[in-house]
Amino acid sequence: MKLIHTDLKKGEAKIKIENLDDLWYLNQIVEKNDLVKGKTLRKIKLGDETQRKQKVEKKPVFLLIEVEKVEFSKTSNVLRISGTVKEGPEDVPLGSHHTFNVGENTTITIIKRKWLKFQADRLKEASKESSSKILICVHDREEAYFALMKKYGYQLLVDLKGNVAKKVDVKQVESNFYKEIIRQLEEYNDRYKLSKIIIASPAFWKEELMKELSNEEMRNKTILATCSSVGENAINEVIKRPETENALKLDRIAKEYKLVEELFAEISKNNMASYGLKETKNAAEAGAIRQLLITDSFIQKKRMEDKYEETEYIMKTVDSTKGEITIISSDHEAGKKLDGLGGIAAILRYKINYQ
């Protein structure tokens with residue numbers, strides 16, 4: 001995300017979207033009743049209204065809308081910001097509805113009455129240079145999974161399958177499959193300009209693969225890790241391994257895992273935690289929340305149900321009492337565990353009694 005101009009004291013931030021990660025951040029920042037302005041396409045009726053058939057065409061216009069709804073789809077790579085028109089050209093009626101389809105290279109200005117601390121932090125975080133490009137490969141002699149780390153989680157790139165061999169052919173097939181894995185690694189290394197490659201496997205498969213990897217530049221950026229199985233669950237396992245901690249420590253997903261693990265430890269240990277909407281709201285009103293955790297899917301669900309006001313109230317209350325707020329992606333295991341608690345929870349400063 002490129003910050004073109006910011007004046008948060010006046011409530012304004014003008015930004016340019018550069019990639020899908022930016023849309024994930026923007027989905028956490030833009031809220032109902034915010035103002036959003038920028039160039040957009042609008043269907044305009046041409047010709048006299050008395051004519052039987054009026055021509056309709058899409059035309060670029062500059063509009064300012066008051067936000068009513070925000071929808072984000074990671075599959076379509078578009079953030080839809082809908083609301084009512086507050087300013088625009090004469091041929092666009094004030095009060096009419098319009099939707100900004102925000103994608104790559106879109107430039108918009110966001111205007112808030114007040115920026116919460118976590119929203120300003122998100123803006124700064126998204127505008128930093130893109131995080132290290134880290135690839136995880138989990139494999140054995142028959143199958144390999146490749147995943148690219150993202151700010152909002154990870155993206156599963158491909159599931160590569162080798163030929164299951166008879167015992168007499170095992171060595172030959174293993175060698176051929178390792179070469180196929182390495183070809184895939186080389187392709188991703190060139191495409192994504194990787195900073196780190198994490199290769200993990202049960203037993204000794206990773207060491208056998210490394211014997212086949214002759215590319216010195218790739219060997220120097222490779223970290224070996226252990227996993228108990230091969231599959232998408234193994235990617236979640238590798239993320240939490242101590243071997244990969246240094247490579248992942250600057251990535252948001254590593255922080256999210258640690259916070260969710262801390263939450264579950266507090267729940268099982270001494271109940272310095274709350275979870276679920278009602279208990280978390282009570283803790284927020286008591287000023288007891290040190291760290292508020294909410295999944296992005298919980299936020300999206302509440303927006304879709306038009307029940308986001310209570311969640312927004314909790315976030316503003318926590319912000320006003322100097323608590324930290326972290327949006328957790330539901331794309332990985334930590335987010336799924338938090339969704340299992342209702343999608344919203346908190347680590348507390350002190351114990352409180354629930355009525």
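One-based numbering along the sequence shown. Computed from a predicted structure; not experimentally measured.
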With no hydrogens and no angle check, do the side chains of Glu256 and Thr326 hold a donor and an acceptor under 3.5 Å apart?
no
Any ring-ring contact (aromatic ring centres under 6.0 Å, His included) involving residues 301-351? Give me the pairs, sequence neighbours left out, ordered by first then second residue.
Tyr257-His332
We want to know whether Arg42 and Thr99 form a side-chain donor-acceptor pair, criterion being a heavy-atom distance below 3.5 angstrom.
no
Candidates Ile267, Leu263, Ile344 - the one meeting side chain to side chain contact (heavy atoms under 4.5 Å, CB included) with Tyr275:
Ile267
Are side-chain heavy atoms of Ile223 and Ile199 found at a separation under 4.5 Å?
no
Picking from Arg122, Arg303, Glu71, what satisfies side chain to side chain donor-acceptor pair (under 3.5 Å) with Asn27?
Arg303
Side chains of Ser228 and Glu237: is there a donor and an acceptor less than 3.5 Å apart?
yes
Begin from the C-alpha positions of Glu324 and Lys117 and carry the test salt bridge (charged side-chain N to carboxylate O under 4.0 Å, His left out) through to its verdict.
CA-CA 8 Å; Glu324 294 292 323; Lys117 181 182 178 295; 3.7 Å; yes
Gln119 versus Glu31, side-chain donor and acceptor atoms under 3.5 Å
yes
Stepwise salt bridge (charged side-chain N to carboxylate O under 4.0 Å, His left out) check, Glu333 with Lys337
CA-CA 6 Å; Glu333 184 188 24; Lys337 285 175 72 175; 5.7 Å; no
Apart from Leu35 itself, what residues make up its hydrophobic cluster, given side-chain heavy atom links below 4.5 Å?
Leu64, Ile111
Before giving the answer on salt bridge (charged side-chain N to carboxylate O under 4.0 Å, His left out), spell out for Lys2 and Glu18 the whole-Å C-alpha distance, their side-chain angles and the decisive distance to 0.1 Å.
CA-CA 7 Å; Lys2 183 179 180 181; Glu18 295 180 316; over 6 Å; no
CD-NZ distance between Glu186 and Lys179, expressed to the nearest 0.5 angstrom
12.0 Å
Of Val70, Ile110, Leu123, which meets side chain to side chain contact (heavy atoms under 4.5 Å, CB included) against Leu26?
Ile110
For Asp34, what residues pass the salt bridge (charged side-chain N to carboxylate O under 4.0 Å, His left out) criterion, not counting sequence neighbours?
Lys112
